[in-house]
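Chain letters run A, B, ... following the sequence lines, proteins first and then strands; every chain starts at 1.
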Number of protein chains: 2
Amino acid sequence: MSESFPNGNSARSTRQKRALAGALARSSSFRSAQDLHAELRLRGERVGLTTVYNQLRALADTGELDVLRTDEGESLYRRCSSGQHHHHLVCRSCGMAVEVEADAVEAWAEAVARRNGFTAITHTVELTGVCPNCQ
Amino acid sequence: MSESFPNGNSARSTRQKRALAGALARSSSFRSAQDLHAELRLRGERVGLTTVYNQLRALADTGELDVLRTDEGESLYRRCSSGQHHHHLVCRSCGMAVEVEADAVEAWAEAVARRNGFTAITHTVELTGVCPNCQ
DNA sequence: GATCTTATTTGCAATGATTACCACTATTGA
DNA sequence: TCAATAGTGGTAATCATTGCAAATAAGATC
Ligand SMILES: [Mn+2]
Ligand SMILES: [Mn+2]
Ligand SMILES: [Zn+2]
Ligand SMILES: [Zn+2]
């Protein structure tokens with residue numbers, strides 16, 4: 001008996017995945033799918049837009065990428081260094097992001113929610129501004 | 001000299017505006033445009049979906065309504081009692097919301113941003129959970 | 001290396017909320 | 001009453017994102 005992947009677990013290494021991973025690795029900004037796809041095309045990498053969307057979604061689902069949504073509803077992705085829970089201070093001009101921790105905020109959120117009898121709490125905390133370079 | 005409205009300022013009272021205002025007034029939940037439009041139709045009020053969208057956007061622009069976006073990208077509106085800056089603890093099941101203040105968080109956000117040299121700072125802080133009624 | 005299984009890729013057609021148009025209607029000041 | 005124009009709302013267009021189904025290609029097995 002040699003069931004290849006009983007639990008539906010696999011993962012093939014493809015040219016497209018590597019190209020996208022590269023683009024994400026060399027960027028410290030939050031990027032959109034369209035944006036990343038455009039960069040790959042410029043680099044001569046031939047990757048379908050649908051593939052970029054698929055992969056970004058998959059990577060975000062497994063927690064390998066952080067996601068945030070612009071006011072216009074566009075999803076932006078970034079590979080964060082910290083695997084820990086954290087938040088971001090993002091430049092609204094270039095997308096550059098700084099990872100920040102906020103233990104105090106975590107505690108506050110938990111307390112407020114509990115005080116009001118809410119359960120299954122989650123929170124969103126994002127800081128936006130203009131970075132030093134973009135002033 | 002009797003220039004009616006030099007700075008483009010006016011505001012007419014219409015049946016549609018009153019109907020929408022009413023729906024918003026009697027709800028303490030964040031509601032979508034579609035949702036509000038559906039309610040108006042049920043009530044027998046004849047209001048176009050486009051009008052609902054137009055008005056909600058206009059009211060949000062003037063700060064008369066608070067807006068937040070779901071993970072699916074849908075905009076939800078609510079008429080908040082406080083005109084002051086505040087945040088929300090929202091039930092992800094029924095949309096019911098509690099207004100919360102967070103001076104500590106305000107200070108933290110300001111400090112973090114300044115420490116990193118960011119300017120023109122804004123912040124997003126939303127708490128989501130399941131309210132007592134929906135458990 | 002040949003072969004097979006199926007994970008991935010990808011062009012193209014939906015989706016779905018929101019907006020642009022714009023001709024038509026109705027409020028309000030005179 | 002009447003003109004000026006804010007407001008309305010049906011319909012078409014936008015646009016990021018997803019569904020689909022056929023074509024491609026890892027990589028395990030022979
Ligand atoms: Mn947190
Ligand atoms: Mn605040
Ligand atoms: Zn910047
Ligand atoms: Zn609830």
Inset, instruction - Check whether any side-chain heavy atom of B:Glu74 sits under 4.5 Å from a side-chain heavy atom of B:Gln34, and report yes or no. - result: yes

Legend entry - Under-4.0 Å side-chain N/O to phosphate OP1/OP2 contact, B:Thr51 with D:dG9: yes

Legend entry - B/S/- contact track for nucleotides 14-19 of chain D, protein heavy atom under 4.0 Å: --SBBB

Inset, instruction - Report the distance from atom CG of B:Asp61 to atom C1' of C:dT18, rounded to the nearest whole Å. - result: 14 Å

Legend entry - Any A:Gln16 side-chain N or O less than 4.0 Å from OP1/OP2 of D:dT24: no

Inset, instruction - Please report, rounded to the nearest Å, how far the P atom of C:dT9 is from the CZ atom of A:Arg12. - result: 10 Å

Legend entry - Euclidean distance, atom NZ of residue B:Lys17 to atom P of C:dT28 [Å, nearest integer]: 9 Å

Inset, instruction - Measure from the side-chain heavy atoms of A:Ser13 and tell me the nearest of D:dA4, C:dT10, D:dG27. - result: D:dG27

Inset, instruction - May I ask you to evaluate whether B:Thr14 reaches the phosphate of D:dT8, defined as a side-chain N or O under 4.0 Å from OP1 or OP2? - result: yes

Inset, instruction - Starting from C1' on C:dT8, measure out to CD on A:Glu45 and report it in whole angstrom. - result: 16 Å

Legend entry - Those residues that, when tested against B:Arg57, pass side-chain hydrogen bond (donor to acceptor under 3.5 Å, both in side chains) (two or more places apart): none

Inset, instruction - Starting at atom CG of B:Leu56, determine the distance to atom P of C:dA17, rounded to an integer number of angstrom. - result: 14 Å

Inset, instruction - Kindly state whether the ring of B:Phe30 and the ring of B:His88 have centres lying under 6.0 angstrom apart. - result: yes

Legend entry - Rounded distance (Å) that lies between atom P of C:dT9 and atom CG of A:Leu59: 10 Å

Legend entry - A:Arg18 vs A:Ser13, side chain to side chain contact (heavy atoms under 4.5 Å, CB included): CA-CA, chis, key distance, verdict: CA-CA 7 Å; A:Arg18 283 189 296 275; A:Ser13 173; 2.6 Å; yes

Inset, instruction - Could you state the atom-to-atom distance from CD of B:Gln55 to C1' of C:dT19 in whole Å? - result: 15 Å

Legend entry - side-chain hydrogen bond (donor to acceptor under 3.5 Å, both in side chains) partners for B:Glu101, two or more places apart: none

Legend entry - Identified side-chain hydrogen bond (donor to acceptor under 3.5 Å, both in side chains) counterpart of A:Asp66 within the set A:Arg79, A:Arg78, A:His86: A:His86

Legend entry - Length of the line joining A:Arg15:CZ and C:dT10:P, which is rounded to integer Å: 6 Å

Legend entry - Test of ring centre spacing under 6.0 Å for B:His123 and B:His87: yes

